[in-house]
Amino acid sequence: MTESAGSGYPSASFAAPVLLALALAFGAPRCPAQEMAQGQGPAPRLASDPHADSHIAEAIRQVSAERIRQTIEKLVSFRNRSTISAEDEASIKAGTGIGAAREWIKAEFERYSRECGGCLEVKTDSFTEPPADRIPKPTEITNVYAVLGGTDGEQAKRIVLVTGHYDSRNSDTLNGTDPAPGANDDASGTAVSLECARVLSRASNKVKSPATIIFLAVAGEEQGLNGSKHFAQMAKQQAWKLEAVLNNDIVGGDRSSQQDASVVRVFSEGLPAAASETEIKRIRTLGGESDSTSRELARYIADVGRSYDAGVKPLMIFRLDRFLRGGDHYSFNQQGFAAVRFTEFREDFNHQHQTPRTENGIEYGDLSKFVDFDYVAHVARLNAATLASLASAPAPPANVKMQTKDLDNDTTLTWEPSAGAAAYEVVWRSTKAPDWEYVQTVSRGTRATLKVSKDNVVFAVRAVGAAGHRSLPVVTEPER
Ligand SMILES: [Zn+2]
């Protein structure tokens, strides 16, 4: 599908499923969970319950494949964006090297901000990386980011973030001068960050998100995830309420014949990188290996993929990353944050980390001509819909507990109220199911008893805002 594809969006009946669910909870003669327990029919299947916000749907329609093409080609024009390439004034003026790329990205964010009446705060995070394997001398590294502040004083402390890396490399990690176009790796991900900033800042007069969205472009990825490490550590040290990180790296949809442009892979860690020995023991006891906060984020993206017509569907991969490769999401995972990686379905390794050349009839190099700009636009739509949905939703419920005092085939769950929540939903799935299967609305209070055995399923609770936006689900902790 191309940019003009819009007919497939869910209609403006956004609130209808919520109203229906509320009506069921208040006035229906039987609650669906009881029906299931009594063998009279299943609880509502989650997958058949899409929920889209018409303002968010309209915002993501503004994502432009043509703008994304311009961004990627501009980034390629800086010739070599290696972290160790030039960043002196003369090179910036000449438009070569990572310094020029950095200044251009900053200017783009500033332009978007002017267009939305100053709604974005544009910032940099600079530091000097000491010499290491891939850093021959002390090197200044700069992350550039734009902040779209939330509308609610307290809720605005909650943050969701999208990132891509704007540094590039060719066949030699230590070459900062010869062409290293990095069109797919990772001008494509940088373009997703920029385009999300453009469309969501423009839409911010209609999509009133209580939480804050950060659009980030990092450097140093190819030299050792240096930029993202620094940024994630800063977030941790400053105790940011960073709820979700979307890392886009190699989302260009390389035009090979075996590419599947209908999907984008979403990688998520299983056992959290930041889990202590005690936490790992607890995960082992509970069978919680597939319920890291990163995986809940991946499932949230799957839900967004069902609710909005982005033009591409998320394909969840239950693994941190591809073999022999790493990425910036890991820097955030290491600090205990939920973070996932988006990557095209099939990579062409002749078009990554290669000095452009032709050998034995094979063309090597990460060139713009191999990038499918419509595909990048679809991935940007999925990202923008996810960011806006999360930022519009209430905070995820805290202290979500499952009572395990007595042997009991029913299950009682309790949680603390979330600011901005109009209702809650209990979601659950079979222990062997990859994604949430059932949903039960709880329209009053912060407690629910379900006729479903805790031994056979995994439960989580999510908060629902007045306009139907869902928070990330929080998996239950047993309480004795
Ligand atoms: Zn990359």
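These numbers come from the heavy atoms of this one structure, side chains and all, not from hydrogens, waters or symmetry mates. Each ligand, and each atom within it, is numbered from 1 in the order the structure gives.
Within the coordination shell of the Zn ion (ligand 1), defined by N, O or S atoms under 2.8 Å, D185 is present. When distances to the Zn ion (ligand 1) are checked against a cut-off of 2.8 Å, D249 contributes an N, O or S atom below that limit.
Between F231 and W240, the ring-plane angle classifies as perpendicular under the 30° and 60° cut-offs.
A side-chain hydrogen bond (donor to acceptor under 3.5 Å, both in side chains) with Y112 is found for one member of R114, E108, E115 and no other, namely E108. The residue from T163, V376, V379 that alone fulfils the side-chain contact (heavy atoms from CB on, under 4.5 Å) condition with N248 is V379.
Seen from the ring of Y166, R102 does not count as a face-on cation partner, given the 6.0 Å and 45° thresholds.
Considering just the N/O/S atoms of H165, the one nearest the Zn ion (ligand 1) carries the name NE2.
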